[in-house]
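Below: the structure, in structure tokens.
Residue indices begin at 1 and follow the sequence shown. Counting convention: from 1, in listed order, for ligands and their atoms alike.
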Amino acid sequence: MSEQAGAPTRITVGGTDGTEAYEVLVGRQLLGELPALIGKQAKRVAVLHPEALAETGEALRADLADQGYEVIAIQLPNAEESKTVEVAAYCWKALGQTNFTRTDVIVGVGGGATTDLAGFVAATWLRGVRWIAVPTTVLGMVDAAVGGKTGINTAEGKNLVGAFHPPAGVLCDLAALDSLPVNDYVSGLAEVIKAGFIVDPVILDLIEEDPQAARTPAGPHTAELIERSIRVKAEVVSGDLKEAGRREILNYGHTLGHAIEKNERYNWRHGAAVSVGMVFAAELGRIAGRLDDATADRHRSVLEAVGLPLTYRGDQWPKLVENMKVDKKSRGDRLRFIVLDGLGKPVVLEAPDPAMLLAAHAEIAA
Ligand SMILES: NC(=O)c1ccc[n+]([C@@H]2O[C@H](COP(=O)([O-])OP(=O)(O)OC[C@H]3O[C@@H](n4cnc5c(N)ncnc54)[C@H](O)[C@@H]3O)[C@@H](O)[C@H]2O)c1
Ligand SMILES: O=C(O)C(=O)C[C@@H](O)[C@H](O)[C@H](O)COP(=O)(O)O
Ligand SMILES: [Zn+2]
């Protein structure tokens, strides 16, 4: 998977609130770390990967078979098509037919869609088995594989079925990013930029220095951007695995973002939808009298500079409002949004007035 090795960066997640700690490793040639994470108790290892990573999956299975494991191959559809109950059922069947037990281990290799599905299968099979995430997209490394949110979509909304089930470890091999199509790479930058606005503004400075370079894995700050974003996520989820409070800030831009994804029948990339969602949230913050003009405008400039969208079809607003009602931050009939009180200062905006929402929508309507 990679050509250069060296000591990986190790970022610890959890362990501070009664949850079991685990590590996110960032570096190159990390697959040698897998057997130690799988452990000696396991007899079988199920490797779940998308079609796009057929060769990677095959190589990994061969490695694990050489180590003496009985390997179960489960190829998934690409992207959101894998986050369905039908695909989960296909996986449960494969595990059942191979006598997969509580000491066996699932490895999810792929983007956020793959690790969300693999983690969900791990959470539900036998009420929970060990799993390891090997994210191969920017988005997977900086966000999806870290923190234990797993799940699938339904016709009614994004990630509506799922479980909190942290992995035993996360291996981020930066070399995997070399084969990622640019639009998928850029989609991941939306979550990197989110981490910049909610907690670590240095991320924004690094991207703004050369936005074109930030669009490729060869950029000078790739490793730093990924590590900084993982540290943001690790710090936030470590104190609040089940999203009882502070973890909600990671949902910045997601209330509208998920509504757009559902409206597009999950054919939009997650990061693209979150990008529009963050512009909307920034406008909401500005209209609510919380966010200064410069920081609100900075959303547009940095997201546009890396090639992310800022607008969405204006005629869809009534449907988006309906979709937002099933957001997990909603309480009864009250919509709740994460907005900024300033750079790095996310807060919850409770039940904003519909007129305020409409005014913010006018700023993102195409
Ligand atoms: N659980 C969480 O906390 C969390 C956080 C953020 C996002 N997510 C979820 O993550 C998903 C988006 O993840 P994503 O952006 O990684 O998209 P993705 O998983 O859909 O991957 C994008 C595409 O790239 C392909 N691919 C993956 N790695 C590749 C590689 N190295 N080379 C070539 N092709 C590759 C995939 O097969 C897919 O077609 C969404 O479903 C979102 O809801 C979850
Ligand atoms: O980890 C979290 O918490 C997040 O909100 C991170 C988001 O980037 C991610 O897209 C998450 O899956 C959204 O969670 P949901 O609970 O709104 O489905
Ligand atoms: Zn997200």
Next on the checklist: Is it the case that over 12 heavy atoms from other parts of the model lie below 6.0 angstrom from the NZ atom of K328?
Outcome noted: yes

Next on the checklist: Please work out, at 4.0 Å between heavy atoms, whether the side chain, the backbone, both, or neither of E191 comes within that distance of ligand 1.
Outcome noted: side chain

Checklist outcome for this item: For atom 25 (C) of ligand 1, the closest protein heavy atom turns out to be A52 CB, 4.1 Å

Item to check | Numbered atoms of ligand 2 (with element) below 4.0 Å of H270, judged on heavy atoms | outcome: 10 (O)

Item to check | Distance from atom 20 (O) of ligand 1 to nearest protein heavy atom, with residue and atom | outcome: A79 CA, 3.0 Å

Checklist entry - Does T114 use its side chain to pair, donor to acceptor, with the backbone of H49 at less than 3.5 Å? => result no

Item to check | Close N or O approach (K233, ligand 1; < 3.5 Å) | outcome: yes

Item to check | Counterpart residues, side-chain contact (heavy atoms from CB on, under 4.5 Å), relative to V348 (two or more places apart) | outcome: E248, R336, I338, E350

Checklist outcome for this item: Of all protein heavy atoms, the one nearest atom 12 (O) of ligand 2 is N159 ND2, 3.3 Å

Checklist outcome for this item: So the atoms of ligand 2 within less than 4.0 Å of a heavy atom of H258 turn out to be 13 (C), 15 (P), 17 (O), 18 (O)

Next on the checklist: Quick check on contacts: which atoms of ligand 2 are under 4.0 angstrom from a heavy atom of E191?
Outcome noted: 8 (O), 10 (O)

Next on the checklist: Applying a heavy-atom cut-off of 4.0 Å, say which part of D143 lies close to ligand 2: side chain, backbone, both or neither.
Outcome noted: side chain

Next on the checklist: Heavy atoms only: which of L53, D143, V274, T114 lies closest to atom 5 (C) of ligand 1?
Outcome noted: D143

Next on the checklist: Within this structure, what is the CG-SG distance for the pair L76 and C91, rounded to the nearest 0.5 Å?
Outcome noted: 5.0 Å

Checklist outcome for this item: Heavy-atom proximity to atom 12 (C) of ligand 1 ranks first, among L250, L139, I152, D116, for L139

Checklist entry - Are W268 and Y312 an aromatic pair by the rule of ring centers under 6.0 Å? => result yes

Next on the checklist: Under 4.0 Å, counting heavy atoms only: does H258 come that close to any atom of ligand 1?
Outcome noted: no

Checklist entry - Of all the atoms in ligand 2, which lie at a distance below 4.0 Å from a heavy atom belonging to K194? => result 6 (C), 7 (C), 8 (O)

Next on the checklist: Any carboxylate oxygen within less than 4.0 angstrom of a Lys/Arg side-chain nitrogen, looking at K319 and E322?
Outcome noted: no

Item to check | Per-atom contacts, ligand 2 versus R247 - under 4.0 Å to a heavy atom | outcome: 1 (O), 2 (C), 3 (O)

Checklist entry - By number and element, which atoms of ligand 1 are closer than 4.0 Å to a non-hydrogen atom of P50? => result 37 (O)

Checklist entry - Side chain, backbone, both or neither: which part of R269 has a heavy atom under 4.0 Å from ligand 1? => result neither

Checklist entry - Please state which protein non-hydrogen atom is closest to atom 42 (C) of ligand 1 and give its distance, to 0.1 Å? => result H270 CG, 3.6 Å

Item to check | Which residue and heavy atom of the protein sit nearest atom 39 (O) of ligand 1, plus the separation | outcome: N78 CB, 3.4 Å

Next on the checklist: Quick check: S187 and ligand 1, any N/O pair under 3.5 Å apart?
Outcome noted: no

Checklist entry - Can you tell me the protein heavy atom closest to atom 26 (N) of ligand 1 and the distance? => result L180 CD1, 4.0 Å

Checklist entry - Do H299 and F197 have ring centres separated by under 6.0 Å? => result yes

Checklist entry - Where is the nearest protein heavy atom to atom 21 (O) of ligand 1: which residue, which atom, and how far? => result T137 CG2, 3.9 Å

Next on the checklist: Under 4.0 Å between a side-chain nitrogen and a carboxylate oxygen: does that hold for E224 and R228?
Outcome noted: yes

Checklist entry - Does E58 CD have over 12 foreign heavy atoms under 6.0 Å away? => result no

Next on the checklist: Does ligand 1 come near enough to K149 that some N or O of the ligand is less than 3.5 Å from an N or O of the residue?
Outcome noted: yes

Next on the checklist: Suppose we measure from atom 5 (O) of ligand 2 to each protein heavy atom; which comes out shortest, and what is that distance?
Outcome noted: N251 ND2, 2.8 Å

Next on the checklist: If you count heavy atoms of other groups shown closer than 6.0 angstrom to CG of D353, is the number above 12?
Outcome noted: yes

Next on the checklist: Applying a heavy-atom cut-off of 4.0 Å, say which part of H254 lies close to ligand 2: side chain, backbone, both or neither.
Outcome noted: side chain

Item to check | Heavy-atom nearest option to atom 11 (C) of ligand 1, drawn from A144, A113, G257, A176 | outcome: A113

Next on the checklist: Only heavy atoms of K233, strictly under 4.0 Å: list the atoms of ligand 2 that pass.
Outcome noted: 1 (O), 2 (C), 6 (C)

Item to check | T19 side-chain N/O to G15 backbone N/O, donor-acceptor pair under 3.5 Å | outcome: yes

Item to check | Polar proximity ligand 1 side, T150 side, N/O cut 3.5 Å exclusive | outcome: no

Checklist entry - Which is it for T115 and ligand 1 at heavy atoms under 4.0 Å: side chain, backbone, both or neither? => result neither

Next on the checklist: Evaluate G112 for polar contact with ligand 1, using N/O atom pairs at a separation under 3.5 Å.
Outcome noted: yes

Checklist outcome for this item: The protein heavy atom nearest to atom 14 (O) of ligand 2 is K149 NZ, 3.1 Å

Item to check | Contact check: S179 vs ligand 1, nitrogen or oxygen atoms, below 3.5 angstrom | outcome: yes

Checklist entry - So, the side chain of R10 versus the backbone of V26: is there a donor-acceptor pair under 3.5 Å, distance only? => result no

Checklist entry - After noting the C-alpha distance and the side-chain angles of V24 and T9, does the key distance pass the side-chain contact (heavy atoms from CB on, under 4.5 Å) rule? => result CA-CA 8 Å; V24 181; T9 300; over 6 Å; no

Checklist entry - Listing by chain and number, what protein N/O/S atoms are under 2.8 Å from the Zn ion (ligand 3)? => result E191 OE2, H254 NE2, H270 NE2

Checklist entry - Side chains of D292 and T295: do they bring a donor and an acceptor to under 3.5 Å? => result yes

Checklist entry - Within a radius of less than 6.0 Å around CD of E70, do more than 12 heavy atoms belonging to other residues, nucleotides or ligands occur? => result yes

Checklist outcome for this item: of all protein heavy atoms, closest to atom 28 (N) of ligand 1 is T136 OG1, 2.7 Å

Item to check | Protein contact to atom 40 (C) of ligand 1 [nearest heavy atom, distance to 0.1 Å] | outcome: E80 OE2, 3.0 Å

Item to check | Minimum non-hydrogen distance to atom 24 (O) of ligand 1, winning option of N251, D173, D184 | outcome: D184

Next on the checklist: Salt bridge or not between K194 and D143? Use side-chain N to carboxylate O under 4.0 Å.
Outcome noted: yes

Next on the checklist: Tell me the nearest of E243, K242, E248, K328 to atom 15 (P) of ligand 2, using heavy-atom distances.
Outcome noted: K328

